[in-house]
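Quick notes on the structure that follows.
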Amino acid sequence: MSDSQKSDRTSKAYNPGEIEAKWYRFWEGNGFFRADRSSRKKPHVIMMPPPNVTGALHMGHALQDTIQDALTRMRRMQGYESLWMPGKDHAGIATQNVVARALEEEGSSRHALGREAFVARIWEWVDEYGGRILQQKRRLGDSCDWDRERFTMDPGYVEAVQRVFVQLYEDGLIYRGHYLVNWCPVDQTALSDEEVDNVERDGDIWYIRYPVPEADAHITVATTRPETMLGDTAVAVHPDDERYRHLVGKHAVLPLMNRKIPVVADSYVKMDFGAGALKVTPGHDKNDFEIGKRHNLDVISVINTHAAVNEHGGPYQGLDRFEARERVVADLDALGLLDRVERHRVSVPVSHRSKAIIEPLLSRQWFVRMKPLAEPAIEAVRDGRIRFFPKRWENEYFRWLEEIRDWCISRQLWWGHRIPVWYYTTSAGEIDESRDFVVSIEQPEPGMVQDNDVLDTWFSSWLFPFATLGWPQSDKDTRADLAYFHPTDVLVSGYDILFFWIARMIMSSLHFMGEIPYRDIFITGMIKDKLGRWMSKSLGNGIDPIEMIEQYGSDAVRFSLTVLCAQGQDIKLDSSGFEMGRNFSNKIWNAFNVFGRFMEPGKDYRRQREFQDLELVEQWMLLRLHRTIEAVDRDIGRYRLNEALGKIYTLFWGDYCDWYLELIKPPFGEEMDEETIALAVELYETMVQLLHPFMPFITEELWHRLRQRSEGEACIVSAWPVASRAPASDGAMEVFTLLQEMTTGIRNVRSRYRVAPGKSIAPVINLPRGADRLAVMLSDHQQYFAKLANTSDLKIGIELDKPDASASVVIREYEVYVPLADMVNLEAERERLLGEINQKEAFLTRIRKKLDNAQFLSRAPAGVVERERQKERDAVAEITRLRGNLEELPEHA
RNA sequence: GGGUCCUUAGCUCAGUUGGUUAGAGCGCUACGUUGACAUCGUAGAGGUCGAUGGUUCGAAUCCAUUAGGACCCACCA
């Protein structure tokens with residue numbers, strides 16, 4: 001052991017900083033993260049949800065990466081060719097905005113720069129800052145194959161996106177259309193329906209009277225957006241509505257605009273809502289657009305892309321839509337046409353990203369026909385080829401896919417994948433709308449111009465599982481790689497992108513690869529602040545993972561996040577939660593010293609003893625370890641990482657440290673013998689391996705301290721522990737458990753009677769007739785009691801007498817007497833015994849009630865009944881002995 | 001208007017196909033620092049599992065109703 005290691009050994013607290021940097025360099029330098037199909041092992045693949053290039057690491061990443069890394073590392077240790085594919089997303093709007101803002105601060109703008117220079121500027125930004133988040137992920141210990149890192153704007157990826165567009169067009173699944181789309185006036189682009197949130201707000205509903213001169217009447221309509229009336233082209237009533245039947249076919253005069261508009265009958269109109277008559281604005285409302293189509297109504301757009309009234313808005317031209325609203329209402333009121341205003345709960349469409357209120361605008365955009373893609377995706381989950389963990393997310397998935405609407409994929413941005421569509425131009429250089437466009441990756445003919453728009457970012461991310469593996473390049477090597485690694489094994493993600501990304505990847509993989517993208521989907525909960533609110537920049541309630549890593553250590557952060565991550569539940573996170581991880585790291589660190597300080601440098605400690613030759617506590621610990629390995633494997637298979645890790649935690653802290661280490665510790669000044677060290681090392685090594693996927697840094701460090709390791713050996717690539725079949729333990733578990741209970745009982749008495757920790761006591765263990773073998777076993781382990789409960793002269797025998805002035809502990813049919821001499825407080829002891837008797841009797845009553853029930857006896861499984869009988873016998877034995885002890889208590893001290 | 005989830009100890013939460021004397025971490029109480037760890041140890045207090053009803057031999061767990069909270073979806077102007 002080197003001097004530096006010796007000095008570390010004496011430092012009391014675990015200090016993560018240097019250790020983390022050292023081992024990350026070691027792993028990467030040795031190529032342990034690389035996955036290579038030439039190993040011919042079974043592959044295990046996870047695709048990292050690519051973070052936005054503009055992003056900084058947040059707690060959601062930290063959580064999901066911890067899980068993905070744990071799974072990746074575990075599979076690697078289990079002998080899989082384990083690939084965790086990293087990447088980053090070009091994030092169209094987000095990235096464009098970041099660079100545009102920077103330009104504005106320089107007093108410039110993207111329009112001043114022009115498209116080409118602006119895009120070049122974004123590339124510069126990406127080259128400079130785009131790698132930041134992936135650097136941060138290294139701090140977490142992410143063991144991704146960085147050599148394979150892909151960006152959704154890489155040349156090969158661009159090709160994949162273009163190919164997909166062309167193929168979908170050829171499959172008849174992409175079309176161009178003039179429809180009402182969700183227009184974001186801030187980002188100046190169309191959005192998909194998924195990018196729009198409906199937010200409920202308090203608002204008003206205005207009732208407006210439209211004159212119908214032909215019938216010398218008025219018809220009242222209700223609206224929450226009065227400014228849109230400027231574009232009304234009809235009034236609709238329900239065909240069965242007696243109140244308005246006589247007006248159908250006549251014309252209203254649209255106030256303010258003095259336009260004659262027809263009164264039409266359409267069963268869409270609800271008679272009992274609002275005024276029972278509906279103003280129809282096909283240019284600014286999706287339902288009205290449909291009504292308009294049914295009645296051949298004109299479509300008039302009165303609001304422009306900046307959400308201001310345009311030239312069709314008469315005197316209101318140039319006003320912002322909300323100013324126009326006020327003016328329209330005021331003018332109607334002045335004309336006496338405003339019937340009334342009521343308060344109303346309105347649902348306002350808002351851009352997911354900019355939070356601006358969406359304006360439905362008539363616009364020509366590109367769409368993907370989704371139904372044909374959705375059907376196979378539904379089937380893949382329905383027939384179990386793809387499984388959700390937790391399963392309930394299936395419902396959300398089915399519901400969305402079953403009612404899926406076409407996907408608007410064109411975006412009026414400059415940063416992104418250009419749409420591979422070309423137009424002929426007129427002699428003036430304008431697009432020649434009289435000629436058909438051509439869908440093509442390359443320019444089909446000189447002089448043709450490419451569509452100005454780019455594609456929705458998700459139109460590239462939905463190809464991630466296969467585009468990152470080289471599709472569609474058809475060279476032999478890429479094909480082989482793709483065939484080897486695709487489909488992948490598990491996707492780990494949050495439910496926030498179930499529709500945006502997860503479901504769409506399934507559709508694209510099935511369509512283009514003819515395969516599912518992944519077998520399992522593990523949906524994590526989302527990280528919230530301690531009050532349950534989303535963490536956000538505006539609230540300033542975020543917790544920075546990097547800060548937490550610096551404060552508590554990466555392993556601590558990972559540990560706490562994993563333990564807090566129960567199946568699908570959101571995590572209310574407080575930074576104090578990382579203390580648990582830090583404390584555990586420290587515990588692991590210090591436990592090593594218990595035996596580590598006795599190890600001779602360079603010596604390899606290997607156990608020579610067979611199981612039967614081990615000490616009782618050693619047998620017990622080994623059995624506990626192997627039972628835990630089994631349980632951990634089961635939990636991991638169901639993505640219950642929190643439970644797996646919780647079990648390892650209990651094993652390490654509650655069993656290994658609290659009992660095993662306490663018992664193998666040599667007395668003052670004595671050495672630890674070689675064979676004892678050998679088993680301590682073996683157990684510790686195995687637990688370090690079990691912990692490695694969750695806490696990679698500290699475990700790698702300690703794994704190297706345990707033994708002399710040769711070049712290229714590392715915990716990260718060591719073989720995952722296999723649970724061995726339980727050896728015949730000859731009752732080790734049971735005897736040791738009894739010994740633990742007795743120890744706790746003696747400690748309890750010591751504590752109650754304030755026996756100073758330094759003062760030893762001499763208990764008597766009284767066993768019933770026939771327990772001779774147990775008596776021998778306990779006698780053989782007197783030193784256990786001595787170490788754990790500071791006992792001396794322990795007397796163990798059959799039907800022994802209770803010493804005078806002693807407290808007693810009853811465990812089933814066994815008794816432990818703790819002589820207290822003058823320390824015993826008779827009143828206290830009497831109370832203690834009475835309390836225990838009461839508790840046991842209540843318990844016995846419950847058990848007997850069950851056992852007295854004939855139904856229970858006849859219907860419950862035999863094993864359950866037998867267990868209850870055993871409880872009854874134990875309780876009876878305990879009560880009898882407790883009563884005996886109570887009676888024997890002298891009246892006075 | 002549909003749908004999902006949550007309600008368990010003072011706090012934050014686990015709890016698998018129904019059978020445990022319902023667990024953890026933090027906090028609390030008492031005691032304990034001359035060699036693993038005070039980022040610790042030992043002992044302890046603390047819960048009729050939101051409410052009601054049902055199914056069952058048996059319910060924190062399954063079903064129904066209900067109260068409170070969170071979220072998702074939906075074109076009611």
Side-chain angles (χ1 to χ4, degrees), chain A residues 9-10 12-14 198 205 221-225 228 236 268-270 272-281 285-288 290 344 346-347 390 392-393 395-396 399-400 403 495-496 498-499 525-526 528 530 532 552 556 560 563-564 566-574 576-577 579-597 634-635 638 640 642-643 646 649-650 657-658 661-662 665 668-669 744 747-752 754-758 788-789 839-840 842-843 846-847 850 853-861 863-865 867-868 871 875:
Chain A
R9 204 173 66 188
T10 54
K12 287 195 165 185
Y14 171 58
N198 290 305
I205 183 164
V221 296
T223 180
T224 53
R225 302 172 62 211
T228 63
Y268 168 78
V269 181
K270 304 261 188 301
D272 54 358
F273 187 85
L278 176 68
K279 63 188 271 306
V280 184
T281 321
D285 183 287
K286 283 186 186 180
N287 296 309
D288 292 7
E290 296 302 316
H344 189 63
V346 288
S347 172
R392 64 183 153 87
W393 290 106
N395 300 333
E396 287 280 292
R399 188 181 47 67
W400 185 69
E403 295 164 19
Y495 53 80
D496 55 333
L498 176 58
F499 309 142
M526 307 301 294
K528 305 285 183 67
K530 64 175 166 183
Y552 298 101
S560 291
V563 160
L564 292 171
Q567 286 280 293
Q569 286 317 122
D570 288 347
I571 298 171
K572 278 195 239 168
L573 189 68
D574 183 53
S576 65
E579 285 172 15
M580 202 199 319
R582 181 202 53 188
N583 294 352
F584 187 45
S585 302
N586 197 239
K587 191 74 179 178
I588 297 168
W589 186 253
N590 280 294
F592 170 72
N593 285 336
V594 175
F595 58 89
R597 73 197 148 111
R634 270 199 310 275
D635 289 337
R638 295 180 307 160
R640 292 173 181 266
N642 62 326
E643 292 184 35
Y649 174 89
T650 303
C657 293
D658 290 348
L661 286 183
E662 289 301 327
K665 240 193 271 189
F668 299 124
T744 305
R747 285 167 167 176
N748 187 327
V749 168
R750 294 189 63 117
S751 174
R752 260 173 209 282
R754 302 279 155 83
V755 180
L788 298 170
Q839 197 196 321
K840 296 284 178 206
F843 175 63
R846 277 207 302 281
I847 299 295
K850 264 191 209 175
N853 184 339
Q855 300 274 24
F856 173 71
L857 297 177
S858 61
R859 299 203 188 178
V864 173
V865 175
R867 241 176 293 151
E868 295 301 313
K871 284 185 204 165

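Quick note on labels: first sequence line is chain A, next is B, and so on, each numbered from 1.
Between A:Val269 and A:Gly276, the closest heavy-atom pair is CG1-O, 3.5 Å. Contact detail for A:Arg392 and A:Gly568: the closest heavy-atom pair is NH2-O, 3.5 Å. The minimum heavy-atom distance between A:Asp288 and A:Leu278, with the atom names listed, is OD1-CD2, 4.2 Å. Taking every heavy atom of both residues into account, A:Trp589 and A:Lys12 meet most closely at CD1-O, 4.0 Å. The two atoms that bring A:Ala789 and A:Arg747 nearest to each other are CB-CG, 4.4 Å, heavy atoms only. Nearest heavy atoms, A:Phe856 versus A:Lys850: CD2-O, 3.4 Å.
Rounded to whole angstrom, the span from the CD1 atom of A:Ile847 across to the C1' atom of B:U21 amounts to 8 Å. Atom CD of A:Gln855 is separated from atom C1' of B:U55 by 14 Å (rounded to the nearest Å). As rounded to whole Å, 14 Å separates atom C1' of B:C40 from atom CD of A:Glu579. Per the geometry, CD belonging to A:Gln567 stands 11 Å off P belonging to B:U17, to the nearest Å. Rounded to an integer number of Å, the gap from A:Leu661 CG to B:C40 C1' is 14 Å. One atom, CG of A:Asn853, and another, C1' of B:G19, lie 14 Å apart when rounded to the nearest Å. Rounded to whole Å, atom P of B:G19 lies 16 Å from atom CZ of A:Phe843. Residue A:Lys572 contributes atom NZ, which lies 10 Å from atom P of B:U7 at whole-angstrom precision.
Taking the ring centre of A:Tyr268 as origin, the terminal cationic atom of A:Lys270 falls inside the region bounded by 6.0 Å and 45° from the ring axis.
Side-chain contact, A:Thr281 with A:Lys279: a donor N or O sits under 3.5 Å from an acceptor N or O. Side chains of A:Arg752 and A:Asn748: a donor on one and an acceptor on the other come within 3.5 Å.
B:G2 and B:U65 are spaced 12 Å apart, taking the P atom of each and rounding to whole Å. To the nearest whole angstrom, the two P atoms, one in B:A77 and one in B:A9, are 42 Å apart. Taking the P atoms as reference points, B:G69 lies 15 Å from B:U8, given to the whole Å.
A donor-acceptor contact under 3.5 Å is not formed by the side chain of A:Lys12 with the base of B:C37.
In this structure, of B:A43, B:A36, B:G19, it is B:A43 that holds the atom nearest to the side chain of A:Ser751. Here the side chain of A:Ala860 is nearest to one of B:G19, B:U21, B:A36, namely B:G19. Distance from the side chain of A:Asn586 is smallest to B:U39 among B:G32, B:U39, B:G35. Of all nucleotides listed (B:A36, B:C26, B:U4), B:U4 comes nearest to the side chain of A:Arg392. When distances are taken from the side chain of A:Asn583 to each of B:C40, B:U16, B:U21, the shortest belongs to B:C40. Comparing B:C5, B:G25, B:U4 by their nearest atom to the side chain of A:Asn395 picks out B:U4.
Between A:Ser585 and A:Arg582, every side-chain heavy-atom pair lies at or beyond the 4.5 Å cut-off.
Toward the 5' end of RNA chain B, the nearer of the two residues A:Asn748 and A:Glu662, judged by each one's closest nucleotide, is A:Glu662. Between A:Pro861 and A:Leu857, the one whose closest nucleotide on RNA chain B sits nearer the 5' end is A:Pro861.
Residue contacts for A:Gln569: at a heavy-atom cut-off of 4.0 Å it reaches the sugar-phosphate backbone alone, with no base atom in range. As judged by a 4.0 angstrom heavy-atom cut-off over every strand, A:Asp574 is placed among residues making no nucleic acid contact. Contacts of A:Ala591 with the nucleic acid, taken as non-hydrogen atoms under 4.0 Å apart, include base atoms.
A sub-4.0 Å separation between OP1 or OP2 of B:A36 and a side-chain N or O of A:Arg597 is present. The phosphate of B:U20 has neither OP1 nor OP2 within less than 4.0 Å of any side-chain N or O from A:Arg867. An OP1 or OP2 oxygen of B:C31 is reached within less than 4.0 angstrom by no side-chain nitrogen or oxygen of A:Arg754. Phosphate contact (OP1/OP2 of B:A36, side-chain N/O of A:Lys587, threshold under 4.0 Å): absent. For the OP1/OP2 pair of B:U21 and a distance below 4.0 Å, the side-chain nitrogens and oxygens of A:Lys871 include at least one atom meeting the criterion.
Residues A:Lys530 and A:Asp574 are paired through a salt bridge, judged by an N-O separation under 4.0 Å between the basic side chain and the carboxylate.
A:Ser560 contributes a side-chain N or O that, together with a main-chain N or O of A:Gly581, makes up a donor-acceptor pair within less than 3.5 Å.
Secondary-structure annotation of RNA chain B gives the stems B:1-7 with B:67-73, B:10-13 with B:23-26, B:28-32 with B:40-44, B:50-54 with B:62-66, with a stem taken as at least 3 successive Watson-Crick or G-U pairs whose two distances both fall under 3.5 Å.
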key: Sugar-phosphate or base contact per nucleotide [nucleotides 71-77 of chain B; S, B, -; heavy atom under 4.0 Å]   = -SSSBBB
